[in-house]
Amino acid sequence: MCGILAIIGKGKDEKLVQQLSKRMSHRGPDESDIYVTEKGHILSHERLSIIDLHTGRQPIQGTSSAWMVHNGEIYNHQELRDTILKHHTFRTTSDSEVIVHLYEEYGYDFCNLLDGMFAFVVINGDDFIAGRDPLGIKPMYYGLDERGRIYFASEMKAIADQCKTFSTFPPGHYYTPQTGFVKYYRPQWEDASKAVDDVDYSAIRETLTEAVKKRLMSDVPVGVLLSGGLDSSLTSSIAAREMKKLGKPLHSFSIGLDASAPDAVAARKVAEFLGTEHHEIHFTIEQGIAILDKLIWHLETYDVTSVRASTPMYFLSQAITDLGVKVVLSGEGADEIFGGYLYFRNAPSAADFQKETIERVQKLFTADLLRADKSTMAHGLEARVPFLDKKFLELAIKIKPEEKQPKTYDGVEKYILRKAFDTPDEPYLPAEVLWRQKEQFSDGVGYSWIDTLIEYCSAQVTDEEMERAEERFPYNTPATKEAYYYRSVFHKYFPQVSAAQTVRKWIPKWQENTDPSGRANAAHINADTLIAQAKTEA
């Protein structure tokens, strides 16, 4: 895991490139290196050492003239080394190195051979290829400067003031000077009409178990984010079983405003049940508000949901790395795959339900994946997401939507996932956790977090500023004072129109209150369903 920066084109000052790369030093606090090719192109790398701690330094040279940088993890790297790349001579045992050898072996057509999360650039003379993983688990941006040089970077902050235009690199694509952007990832599940499979609970359980197992690959300690919700609890349960087989302890981590927060209480139950070494972190609302400015700089978004949920994740990540853990498993993706958000209960039809799950998965890179990566990598922590394994996606999304819809099963969202792991003879989780109602992360840390945050932001923005919001922010004009405040902080660091255009708002469908909190949905049992409606409209 790391931060990468590549500049295709001559004449860029090497020292300046090093400074640009250092803007992402939080992503890779262990090592930093830069390479200028014979043609004058530049590759820079900020490294977080996970695999091959001693010889895996990047940029990495291939067999001859090709060089590469990579951010992410390639889970099938050993299989590739042992099979289609067995005649290649490798310089390291790093998982990343297979990428440059695949380029040497196959040219541009190799991204589908990679099983993992990745953003990479390979340069060979004046030829190059840049690629991003199927769903955009790892971030990447690209841009052009006034001299036509092409930039690729893990974070926008490394290139925003260098490029006249820039954008988000699309997930599931690669780019070359010969082909432009090519969509290499074309799964069947993207076609809503292909969702015709009957549910196979055993297959769900086995495929997710394999997805978790491969993501325990590491040369450093691995932990789990444990919110006490279904998704993180299941990945934690599977990981605990696998680590027990290896005779290793598993560290679990949760966060809340205090010990009585909904997630903290549930996480404690799960940790005790699984026998993990559990760490419970608390933060105050005042601390959360104090880091908003820095947080938005890290996140590179002004999306309300992302900021709300990233704050506790930011504090939790800091505490985890302070304990010496560099890798954690996280539960992102399950809500999108199975229609877990409470607003899915209001889907007008099975077809609408299915289309929305597909769209949410496709847009994860603008929301939960962005939050998960940047709030953890702000402290050099790698988050891995088993639910977004390619095999699991193909299996789960293609299940008939009629079998996923909450109303089919007495209003229990993600019923299929719960049912698959409801094994009384050898339980994965306590029943009260397995069947616990959905709490979105920003709610689960303590309801007063969002309510106070709304109040604070509203106090920072005047009525006059809101009246002139469209004049100041004509693109994606903020509709609430909270949104206006986040946008103002974002604009301070990223004033470019291109920067604003990289952001997508997370808005629930099929409900009157469009506040993104789960408590805005009438289905939330113990809710003030308006969640400060008057405040959000202020």
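Basis for what follows: all heavy atoms, side chains included, without hydrogens, waters or symmetry-related copies.
Classification of the Y343-W510 ring pair by plane angle, with boundaries at 30° and 60°, yields tilted. Between Y184 and F118, the ring planes lie parallel to each other; the angle is under 30°, not in the 30° to 60° tilted range.
Summarising the local packing, CD of E470 is surrounded by 12 or fewer heavy atoms from other residues, nucleotides or ligands at distances under 6.0 Å. In the displayed structure, K390 atom NZ is contacted under 6.0 Å by more than 12 heavy atoms of other residues, nucleotides or ligands. Taking a 6.0 Å sphere around NZ of K505, one finds it holds more than 12 heavy atoms contributed by other residues, nucleotides or ligands. Counting non-hydrogen atoms of other residues, nucleotides and ligands closer than 6.0 Å to CG of D109 gives a total of 12 or fewer. At most 12 heavy atoms of other shown residues, nucleotides or ligands fall within 6.0 angstrom of atom NZ in K355. Sparse packing is recorded around NZ of K363, with 12 or fewer heavy atoms of other residues, nucleotides or ligands lying under 6.0 Å away.
Centroid-to-centroid, the aromatic rings of F181 and F169 come within less than 6.0 Å.
Without hydrogens or angle criteria, D368 side chain to E332 main chain gives no donor-acceptor distance under 3.5 Å. Distance alone, capped at 3.5 Å, places no donor-acceptor pair between the K138 side chain and the S154 backbone. Between the S96 side chain and the H70 main chain, no donor and acceptor come within less than 3.5 Å of each other. The main-chain N or O of M377 is never found under 3.5 Å from a side-chain atom of R27 such that the two would form a donor-acceptor pair. Here the side chain of T357 pairs a donor or acceptor atom with the backbone of Q354 at under 3.5 angstrom. For D303 (side chain) and S306 (main-chain N/O), a donor-acceptor pair under 3.5 Å exists by modelled atom type. A donor-acceptor pair is defined here as one N or O able to donate and one able to accept, closer than 3.5 Å; no such pair exists between the side chain of R487 and the backbone of P478. Panel note: side chain R504, backbone F365; no donor-acceptor pair is recorded below 3.5 Å. Side chain of E403 to backbone of D198: no donor-acceptor contact under 3.5 angstrom is found.
Contact annotation: the side chain of L114 approaches that of L80 to within less than 4.5 Å [non-hydrogen atoms, C-beta and beyond]. Using a 4.5 Å heavy-atom cutoff, the side chains of F344 and E413 are not in contact. Between Y428 and R241 the shortest side-chain heavy-atom distance falls below 4.5 Å. Residues F253 and V325 are in side-chain contact: their nearest non-hydrogen atoms beyond the backbone lie under 4.5 Å apart. In this structure, the side chains of F152 and I150 come closer than 4.5 Å at one or more pairs of heavy atoms.
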Quiz prompt | Intermediate values then yes/no, salt bridge (Lys or Arg N to Asp or Glu O under 4.0 Å), K391 and D115 | solution = CA-CA 10 Å; K391 289 184 179 179; D115 182 9; over 6 Å; no

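Remark: R308 is not positioned above the aromatic ring of W506, lacking an NZ or CZ atom under 6.0 angstrom from the ring centre and at most 45 degrees off the axis.
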